[in-house]
Amino acid sequence: MTSRKTYYITTPIYYVNGRPHIGSALTTLCCDFLKRFRMMRGEDTWFLTGTDENATKNQEAAQEAGVDPLDFVTRLADDFRQAWDGMAYAYDDFIRTTEPRHVRTVQEVFRRLRDTGDLYRGTYEGWYCVSDETFFRETDVRDDHLCPNEECRKPLRRVQEENWFFRLAAYGDRLLEHIEANPEFLQPASRRNEVIGFIKQGLRDASVTRSNNGWGIPVPDEPDKVIYVWFDALINYLSATGWPDDPETYARLWPASVHMMAKEIFVRFHATLWPAMIIALGLPLPQTVYAHGWWVGSGGKKEGKRTGGLPHPLELVRDIESRSGASHELAVDALRYLLLREMVFHGDSEFSEENFLRRYNADLANDLGNLCNRTVSMVGRYCDGVGPAAQPDPEIGAVVAECVREYETVVDEFRFHAALEAAWKIVSRVNRYIVDQAPWNLAKADRRDELDVTLTTCIEAIRVLSILVAPAMPHASAALRQQLGLAEGQPQWADASRWGASSGLRVATPRPLYPRIQDLTAEPLPTPPEKERAMEPQPTDTVAAAPTAKPTITYDDFAKIDLRIADIIEAEPVPNADKLLKLTVQVGDETRTILAGIAEMYEPAELKSKQIVIVANLAPRKLRGIESQGMLLAADVDGQAVILQPETEVPAGAPVR
RNA sequence: GGCGGGAUAGCUCAGUCGGUCAGAGCGAACGGCUCAUAAUCGUUAGGUCGAGGGUUCGAGUCCCUCUCCCGCUACCA
């Protein structure tokens, strides 16, 4: 063994013309999990993500919008960066394909492959789709001369141009050889078989340049051409290592340990073209290329093809946050947990918000959160808040050890949901243990020794859990440790195997990590999350939400919202709710009930006869057992609501535009 | 069209070499407990394991046919 190789893991670089959604969030999350897990084990890690910006479409879209293309893609790239920051993904590097370091590497790759003869000139004459940046053969094109891609169908252009081609066909045998000899190279196995089938069918050389329209990476010495966006994009994994200018960093990072991605870009690009390019360059191949499945809509509809239907991860976070009252950071972790836990190993998984929320209650609120809460509470009550110095139960210790082993095994197989399942075996075993031991009876009978063993066992189990959940839920891990009274700092994996490592901890005041969600009804998700927050009871410990630029919407999107002026006729507090007021409002000749989370800022009396702005066509929703038929608009100032009013009195029901 | 993967309790899914495999979790019902977040613990699900046929002493578990879904690939010059 020579110097220690860094565990280098990558996401694909994301097309900036899409937006972040729970699919790309999952890919990135898997990488984050692996990084955090490896780090915890003491390994050197490097986690790369980024954006793919050289597509011709971007330039055209920028022109339409009348903006400079680079500014345009920069803004879009920032959307991704903010989304990933908001999800607490601890990437080490964010690469953009418009950066000089990437351009430099891509051009060098091109030069070298040109020199070795892996690239050659060829003439292409035929049909070209600008949108897909793809050439089509004569036989693929129908008489209408529209793009054969069913999801595109844009008019094709007749082109004749000389381009550079990559000798992909020459690498089929070498690829197959490597794939057969290295079972861990392409995973999971079902996907590997698809690749083998694809290669055995015979590969075709790939056209890797396009004519230069002012956007993209110019071909060295041929400024009238740019490098095809896919050829350019894959090279980002190499660019980020500093190849060829920074041999030291390169040596530390390359080859990549894992290229993680969703399945649609696996077979042709990451499992075929990219490895062939690497072989042609004479570089070592990545250790593992892994493809996970898609989120598909409920009812068997294939929503994965178009990810437009999938929500933005931070929208879901806001929803969890406002429904549960969990802190923002813990809501982020809740979604991280749910994404990893709901995505099954082999294939596509169903995305259903209701199922997510159900699992939130079951796994996070009832099982994990409550286990911590009841333990800390009992230590407070029976031991004056100091963990006893007893030996924890060895039988539970054996169960914990077994789960820790299982966890480690399945993580190395990329079965994240199975890892979390293993951790939750501990949770449910200890919940059962508590009932079996009945510490409340032990306390009454003054059976001190048994009580000490019981509570020490609980504390120890939670301490181990705080380590096991850390890769998926870094904030929740810290919260568990805070509750137990453990010193701050990164948990270490080795401590998961030290049963009985803690004693005499001073526990914190018990505070539920994950409050239960009362209403699981799945609302249509595109509900504006920020406005909704002002409506919901706000927990006092809510951390300020990470600022998130919302994506641009069209006028049509805006026009769907029916905003109206309303007169407040009646305002009264809602029983058992600190922050909710029940408003009876007049909208034109209609009277409605609206619930608003403004009780902390406004007295019912002072609201009477005030004019407000409401969203009149929001789907009704039950809050605290009362149906709210609309939503009041208010500014959100650090969680406090400030209602919006017309400047002068106007007729109730007047539309707002 | 070819190749591959699915179809298992209301929901999401496990089921390795054919014989306590008909399972888990959630949801629901009932009961226990009271430390806890109306939590937790226990019991309860009688589901023709997509349809039909076959091999076998015995088949979700192997073979054939069919239906539906999904993926990869090819579009028949």
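Labels below follow one simple rule: chain letters A, B, ... track the order of the sequence lines, proteins then strands, and each chain is numbered from 1. Source: prediction; values computed, not measured.
- Here the rule is side-chain contact (heavy atoms from CB on, under 4.5 Å) with Met87(A), and of Val317(A), Thr28(A), Leu29(A) only Val317(A) fits it.
- Residue Asn431(A) is classed as a sugar-phosphate contact, given heavy-atom separations below 4.0 Å to backbone atoms only.
- With hydrogens and angles ignored, a donor-acceptor pair under 3.5 angstrom links the side chain of Asn370(A) to the base of A36(B).
- In this structure, Phe198(A) places its CZ atom 12 Å from C1' of A74(B), rounding to the nearest Å.
- Gly197(A) comes within 4.0 angstrom of nothing in the nucleic acid, heavy atoms only.
- G32(B) and G18(B) have their P atoms separated by 47 Å, given to the nearest Å.
- Checking A39(B), C35(B), C26(B) against the side-chain heavy atoms of Ser377(A) singles out C35(B) as nearest.
- When only modelled atom types and interatomic distance are considered, Glu350(A) and Trp295(A) share no side-chain donor-acceptor pair under 3.5 Å.
- A donor-acceptor pair is defined here as one N or O able to donate and one able to accept, closer than 3.5 Å; no such pair exists between the side chain of Asn361(A) and the backbone of Arg516(A).
- Taking atom C1' on both G47(B) and G4(B), the two are 29 Å apart, rounded to the nearest angstrom.
- Nucleic acid contact class of Tyr514(A) (heavy atoms, under 4.0 Å, all strands): base.
- Here the nucleotide nearest the side chain of Asn441(A), chosen from A39(B), G71(B), U34(B), is U34(B).
- The phosphate of G27(B) (OP1 or OP2) has no side-chain N or O of Arg359(A) nearer than 4.0 angstrom.
- In this structure, the CD atom of Gln437(A) is 14 Å from the P atom of G42(B), given to the nearest Å.
- When both pairing distances are held under 3.5 Å, C17(B) makes no Watson-Crick or G-U pair with any nucleotide shown.
- Look at the P atom in both G19(B) and C62(B): the space between them is 11 Å, to the nearest Å.
- The CD atom of Glu413(A) sits 16 Å away from the P atom of U16(B) (whole-angstrom rounding).
- Residue Arg191(A) has no polar side-chain atom (N or O) positioned under 4.0 Å from OP1 or OP2 of G4(B).
- For the C1' atoms, the distance linking G53(B) with C26(B) amounts to 37 Å, nearest Å.
- Rounded to a whole Å, the CG atom of Leu340(A) is 17 Å from the C1' atom of U12(B).
- A 3.5 Å limit on both hydrogen-bonding distances identifies G10(B) as the Watson-Crick or G-U partner of C26(B).
- The residue Arg516(A) sits close to a base: some heavy atom pair falls under 4.0 Å.
- G4(B) atom P lies 13 Å from atom CD of Gln201(A), rounded to whole Å.
- Place Val195(A) and Leu364(A) on RNA chain B by their nearest nucleotides, and Leu364(A) ends up nearer the 5' end.
- Side chain of Asn373(A), nearest nucleotide from U37(B), C13(B), U40(B): U37(B).
- Using a 4.0 Å heavy-atom criterion, one finds that Leu371(A) contacts no nucleic acid atom at all.
- With a cut-off of 3.5 Å on both pairing distances, U55(B) has no Watson-Crick or G-U wobble partner at all.
- Taking the six-membered ring where tryptophan is involved, the planes of Tyr237(A) and His270(A) are tilted, since the angle between them lies from 30° to 60°.
- Classification of Glu177(A) and Arg174(A) as a salt-bridged pair fails, no side-chain N sitting under 4.0 Å from a carboxylate O.
- With C72(B), C26(B), G42(B) as the candidates, the nucleotide lying closest to the side chain of Arg358(A) is C26(B).
- Distance check on atom C1': A77(B) versus G5(B) gives 31 Å, rounded to whole Å.
- Distance check on atom P: U8(B) versus C69(B) gives 15 Å, rounded to whole Å.
- The side chain of Met378(A) sits closest to C35(B) out of C35(B), G42(B), U73(B).
- Arg429(A) comes within 4.0 angstrom of no nucleic acid atom, judged by non-hydrogen atoms across all strands.
- For the P atoms, the distance from C35(B) to G27(B) is 24 Å, rounded to whole Å.
- Residue contacts shown for Pro515(A) include a base, since a base heavy atom lies under 4.0 Å away.
- The pair Arg318(A)-Glu315(A) does not count as a salt bridge, with every side-chain nitrogen at least 4.0 angstrom from each carboxylate oxygen.
- Ranked by how close their nearest RNA chain B nucleotide is to the 5' end, Asn193(A) and Arg374(A) are led by Asn193(A).
- With a 3.5 Å ceiling on both atom-pair distances, G46(B) lacks any Watson-Crick or G-U wobble partner.
- Ring orientation note: the planes of Trp424(A) and Tyr337(A) are tilted relative to one another, at an angle of 30° to 60°.
- Residues Phe414(A) and Met260(A) form a side-chain contact, since some pair of their non-hydrogen atoms from C-beta on lies under 4.5 Å apart.
- Rounded to a whole Å, the CG atom of Asp367(A) is 12 Å from the C1' atom of C41(B).
- Picking from U37(B), U34(B), U40(B) the nucleotide with the shortest atom distance to the side chain of Lys444(A) gives U34(B).
- The pairing partner recorded for U34(B) is none, the criterion being a Watson-Crick or G-U wobble arrangement whose two distances lie under 3.5 angstrom.
- In terms of modelled atom types and a separation under 3.5 Å, the side chain of Asp393(A) and the main chain of Glu395(A) share a donor-acceptor contact.
- Taking atom CG of Asn355(A) as the reference point, atom C1' of G10(B) lies 12 Å away to the nearest angstrom.
- For the P atoms, the distance linking A51(B) with C68(B) amounts to 15 Å, nearest Å.
- G60(B) has its base syn relative to the sugar, with a glycosidic angle deviating from 0 by at most 90°.
- The distance between atom CG of Asn361(A) and atom P of A28(B), rounded to the nearest whole Å, is 11 Å.
- You'll find that the side chain of Trp440(A) is closest to U34(B), out of U34(B), U37(B), U40(B).
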